[in-house]
Amino acid sequence: PRSTLFPYTTLFRSLSRIGRDAATTLSRTTETAPANAIKLFEKARAEMLQHNTDGAERDLKKAVQTDPTFAEAWLQLGKLQEASDPQAARDSFSKALAADAEFVLPYEQLAVLAAQSGNWQEVLDNTNHMARLYPEGTPESWYLNAMANYQLGKPDVAEASAVKSLALDPRHSVLNTEQLLAVILAGKGNFAGALDHLRSSLKYVAPGPNSDLLKQQIAQLERRVAAK
């Protein structure tokens, strides 16, 4: 189900940040990768920092040709491929998991691709698998899990996952979690709770069309709360 109260125009964002806890960002295959593959990987990382994505993609391809089990290189290659070639990105993330099934970030990336294509069961499967491997999760993985459960008609589970995402995300790096919570609560008739989350989200949404839409939604809910 999709909410008619809050349109989903900006729910998805690229999940490409690295450098969190080692349990989420490191693969055991990095320790066994040959020196020349590591050198290509480090070169690609430097090129990404210089916004030379073509060079980075070229060197990451060389790294995985040198060592087809280099899961971290497959992950970073997939991230570079996401925008221009989602199928190639999916293949790269799948190869990262084939190399290291306990490397959790590729599951999150596959969930992002599945969400962009509206395959909510696949989103749920990938984020649930990630949760089993890494119970703490990330703000992005719990947000995607919440979205999948909501779309599959499981609002209570969706609410619990959205709350977990929000608890891990004090800086609100995932911009839409509180808006999703507002959708869920409004669907349950809890307009006051929905209103609280929308008011909170307005604090960190930049001025512009999105904040204007939020203000309209807040005004709409304020009328509903006042009418009760």
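With respect to K79 and E57, no salt bridge is recorded, no charged nitrogen being found less than 4.0 Å from a carboxylate O.
Looking at heavy atoms from C-beta onward, H172 lies out of side-chain contact with K203 at the 4.5 angstrom threshold. Side-chain atoms of K215 and L202, non-hydrogen and from C-beta on, do get closer than 4.5 Å to each other. Using a 4.5 Å heavy-atom cutoff, the side chains of K154 and Y150 are not in contact. E82 is listed as a side-chain neighbour of V112, based on a closest heavy-atom distance under 4.5 Å. With contacts defined as side-chain heavy-atom distances shorter than 4.5 Å, the pair V174/T177 qualifies. Between L221 and L198, the closest side-chain pair of non-hydrogen atoms falls below 4.5 Å. R28 places none of its side-chain heavy atoms less than 4.5 Å from the side chain of F103. For the pair S94/L97, no side-chain contact is recorded, criterion being any heavy-atom separation below 4.5 Å from C-beta on.
When all heavy atoms of A73 and L60 are compared, the closest pair comes out as O-CD2, 4.0 Å. Residues S201 and Q179 share a closest heavy-atom pair of OG-CG, 4.0 Å. In plain terms, the two heavy atoms of S161 and N149 that are nearest each other are OG-ND2, 4.4 Å.
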Verdict with supporting geometry, I38 and T30, side-chain contact (heavy atoms from CB on, under 4.5 Å):
CA-CA 8 Å; I38 293 290; T30 304; 4.1 Å; yes
Run the side-chain donor-acceptor check on residues 121-132: report pairs under 3.5 Å with partners two or more places apart or on a different chain.
residue	atom	partner	partner atom	Å
Q121	NE2	D125	OD1	2.9
E122	OE1	N119	ND2	3.1
E122	OE2	R90	NH1	2.6
N126	ND2	E122	O	3.1
T127	OG1	V123	O	2.8
T127	OG1	L124	O	3.3
T127	OG1	N145	ND2	3.0
N128	OD1	N145	ND2	2.9
N128	ND2	L124	O	3.4
H129	NE2	Y107	OH	3.3

For residues 184-196, run the donor-acceptor check on the side chains, cut-off 3.5 Å, and write out each pair with its distance to 0.1 Å, sequence neighbours left out.
residue	atom	partner	partner atom	Å
K188	NZ	D156	OD1	2.6
K188	NZ	E159	OE1	2.5
N190	OD1	G193	N	2.8

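A donor-acceptor pair is defined here as one N or O able to donate and one able to accept, closer than 3.5 Å; such a pair exists between the side chain of W142 and the backbone of E136. At least one donor-acceptor pair closer than 3.5 Å links the side chain of S92 to the backbone N or O of A88. No donor-acceptor pair closer than 3.5 Å links the side chain of S211 to the backbone N or O of V205. Listed for the S27 side chain is no donor-acceptor partner under 3.5 Å among the backbone atoms of A71.
Heavy-atom contacts from other residues, nucleotides or ligands closer than 6.0 Å to CD of E31 number 12 or fewer.
The hydrophobic clustering, which links ILVMFWY residues whose side-chain heavy atoms are closer than 4.5 Å, places L168 and L180 apart.
D169 and S165 are not linked by any side-chain donor-acceptor pair at a separation below 3.5 angstrom, with hydrogens and angles left out of the test. Counted by atom type alone, T138 and E108 present one or more donor-acceptor pairs between their side chains at under 3.5 Å.
Sorted by first then second residue, the ring pair (Phe, Tyr, Trp, His ring centres under 6.0 Å) pairs that include residues 34-83, not counting sequence neighbours, are F41-F70.
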